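What you are looking at is a predicted structure, and each value in this text was computed from that prediction instead of being measured. Quick note on labels: first sequence line is chain A, next is B, and so on, each numbered from 1. The figures here come from the full heavy-atom set of this structure, side chains too, leaving out hydrogens, waters and symmetry mates.
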Amino acid sequence: MPELPEVETTRRGIEPHIVGQQVDQLIVRQPKLRWPVPEQLSDYLKGKVIESVQRRGKYLLLNTDQGAAMYHLGMSGSLYMVSADQPPAYHDHVDLVLKNGMALRLTDPRRFGSLLWQARGEQHELLVKLGPEPLSDAFDADHLQAACAGRKVAIKQLVMNSAVVVGVGNIYANEALFAAGIHPKRAAGRISRQRIEQLVVEIKRILAAAIEQGGTTLKDFIGGDGKPGYFKQELSVYGRGGEACVRCDTPLTEIRLGQRSTVFCPNCQR
DNA sequence: AAAGACACCTGGGAGC
DNA sequence: TGCTCCCAGGTGTCTT
């Protein structure tokens, strides 16, 4: 489900309901997520006040004065507010119950998501190697060019590498490469400076636009406010293999690149 | 060091 | 109706 825009949409949706609230308890019905939910997490969180909700890449950090609850939504996760007495459904794995009677509920059918703890003053090891935020000034043409230099890997796989830049998943990698006119299989080290600059611009533009639209709802994504995302209407290539290119009418080609479905226009993208 | 394959897990849709 | 197979928004780890 979630790439960066969906995670940011979730963050904005839950933030007003959580910041300043005190944790009553953490109910873990299914601890077997991508990594086991730490057994002591409930003790860590009990009685703490959520001071802020922060996003780093696709992680959400619920900060307290002792450390942070660190959520990742994997492929199929979502987070939303419910009344604490709302009966859980089958895949509702964790409730963060607040003293005001509400709860932050984690649903994740495939369980590729996670809920971990980051101690105060430490950086969790999963965050250490992350590259810059795509919407920050640290992600610029100099950075991307340096990451591409000498690399034979396909540019699509490079921009999806979280050590290079965080938050660019399969949907937006496809879309950004189309917008920049770059073939997804092109070797990263064989792209001109000018086209790298264009790619940086398009990644930022598309992610920002998707956030504005509340993310992309494919199957069942809903933001923290319970509304679906509307960016699907803006997709030019993702999910459109075989259909006509919006720019030149050529049928879009669909291939697999690193086990991920990849769609591009063989005429517009070189 | 870099590239590629594989792993984790469930549900939905296509095809027979 | 029901079975099998393939696919899905992620990403750490193991193998070449």
Side-chain angles (χ1 to χ4, degrees), chain A residues 1-11 29-37 55-60 70-79 89-94 106-116 124-131 134 146-176 184-190 203 206-207 210-211 213-223 228-235 237-242 254-263:
Chain A
M1 170 226 295
E3 297 187 32
L4 186 146
E6 292 74 45
V7 178
E8 178 62 21
T9 297
T10 298
R11 192 195 70 75
R29 301 183 195 87
Q30 171 57 279
K32 293 180 187 170
L33 304 184
R34 174 74 200 270
W35 288 279
V37 178
R55 182 186 56 72
R56 174 71 176 109
K58 296 172 190 165
Y59 291 91
L60 282 176
M70 190 171 112
Y71 287 84
H72 193 289
L73 300 178
M75 290 277 268
S76 59
S78 51
L79 275 175
Y90 184 45
H91 294 297
D92 295 345
H93 304 311
V94 182
L106 173 67
T107 301
D108 186 5
R110 294 180 70 182
R111 285 191 268 129
F112 288 170
S114 56
L115 172 54
L116 298 166
H124 195 283
E125 60 176 6
L126 291 173
L127 305 185
V128 170
K129 284 172 283 185
L130 293 183
C148 287
R151 302 286 300 277
K152 288 185 175 174
V153 69
I155 184 62
K156 174 162 180 269
Q157 290 171 287
L158 185 127
V159 299
M160 290 178 68
N161 179 347
S162 65
V164 172
V165 58
V166 298
V168 183
N170 199 36
I171 297 178
Y172 301 110
N174 277 302
E175 294 298 316
K185 280 182 80 174
R186 174 164 286 276
R190 298 199 49 206
I203 287 172
I206 287 169
L207 290 177
I211 291 170
Q213 301 276 317
T216 300
T217 292
L218 291 183
K219 290 196 182 106
D220 51 6
F221 173 75
I222 48 171
Y230 296 101
F231 195 70
K232 188 175 196 304
Q233 311 163 43
E234 322 262 331
L235 300 180
V237 290
Y238 182 86
R240 297 192 63 241
E254 180 157 6
I255 61 173
R256 297 196 69 81
L257 223 182
Q259 279 91 359
R260 311 296 249 115
S261 122
T262 302
V263 186

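- Between C:dT11 and B:dA1, the two P atoms lie 24 Å apart (nearest whole Å).
- A:N174 CG to A:S261 OG: the interatomic distance, rounded to the nearest 0.5 Å, is 6.0 Å.
- Residues A:I171 and A:Y238 approach most closely at CA-CD1, 3.7 Å, considering heavy atoms.
- Contact between the side-chain N/O atoms of A:R110 and the OP1/OP2 oxygens of B:dA7 is not found at any separation under 4.0 Å.
- Contact between the side-chain N/O atoms of A:H91 and the OP1/OP2 oxygens of B:dG11 is found at a separation under 4.0 Å.
- Taking the side chain of A:F112 as heavy atoms from C-beta on, and the options C:dG10, C:dC7, B:dG11, the nearest nucleotide is C:dG10.
- For A:E175, the salt bridge (charged side-chain N to carboxylate O under 4.0 Å, His left out) test picks out no residue, with sequence neighbours left out.
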Polar atom pairs (N or O), protein with nucleotides 3-5 of chain B, under 3.5 Å:
{"residue": "B:dA3", "atom": "OP1", "partner": "A:K152", "partner atom": "N", "Å": "2.7"}
{"residue": "B:dA3", "atom": "OP1", "partner": "A:V153", "partner atom": "N", "Å": "2.9"}
{"residue": "B:dA3", "atom": "OP2", "partner": "A:R151", "partner atom": "NE", "Å": "2.9"}
{"residue": "B:dA3", "atom": "OP2", "partner": "A:R151", "partner atom": "NH2", "Å": "2.8"}

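- A 4.5 Å side-chain heavy-atom check between A:H72 and A:K58 finds at least one atom pair inside the cut-off.
- Applying the salt bridge (charged side-chain N to carboxylate O under 4.0 Å, His left out) rule to A:R260 yields no partners; only residues at least two apart in sequence or on another chain are considered.
- B:dA5 sits 15 Å from C:dC7 when the P atoms are compared, rounded to a whole Å.
- Not a single donor-acceptor pair, N or O on each side, falls under 3.5 Å between the base of B:dC9 and the side chain of A:R111.
- Nucleotides C:dC3 and B:dC9 are separated by 23 Å at their P atoms, to the nearest Å.
- In plain terms, the two heavy atoms of A:L130 and A:R56 that are nearest each other are O-NH2, 3.3 Å.
- Considering only the side chain of A:Y90, B:dG11 comes nearest among C:dC7, B:dG11, B:dC9.
- Side-chain contact between A:L126 and A:W35 is present, with heavy atoms from C-beta onward closer than 4.5 Å.
- Residue A:S261 places at least one side-chain N or O closer than 4.0 Å to OP1 or OP2 of C:dA8.
- Atom C1' of nucleotide C:dG10 and atom CG of A:L60 are separated by 14 Å, given to the nearest angstrom.
- Judged by distance alone, the side chain of A:E6 and the main-chain N or O of A:E3 form a donor-acceptor pair under 3.5 Å.
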In B/S/- notation, 5' to 3', how is nucleotides 11-16 of chain C contacted by protein heavy atoms closer than 4.0 Å? BS----
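- A 4.5 Å side-chain heavy-atom check between A:D92 and A:D108 finds every atom pair outside the cut-off.
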Please list, one pair per line, the donor and acceptor atoms closer than 3.5 Å that link side chains of residues 149-167 of chain A to other protein atoms, with sequence neighbours excluded.
{"residue": "A:K156", "atom": "NZ", "partner": "A:N170", "partner atom": "OD1", "Å": "2.7"}
{"residue": "A:K156", "atom": "NZ", "partner": "A:T262", "partner atom": "OG1", "Å": "2.9"}
{"residue": "A:N161", "atom": "OD1", "partner": "A:A163", "partner atom": "N", "Å": "2.9"}

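- Of all non-hydrogen atoms in A:A188 and A:C148, the two that sit nearest each other are O-CB, 3.3 Å.
- Not a single donor-acceptor pair under 3.5 Å links the side chain of A:R11 to the backbone N or O of A:L60.
- The separation between A:Y238 atom OH and C:dC7 atom P is 13 Å, rounded to whole Å.
- To the nearest angstrom, C1' of B:dC9 lies 9 Å from CG of A:D108.
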For DNA chain B, just give me the dot-bracket, please: Watson-Crick or G-U, both distances below 3.5 Å, ( ) intra-strand, [ ] crossing earlier pairs, | paired with another strand, . unpaired. .|||||||.|||||||
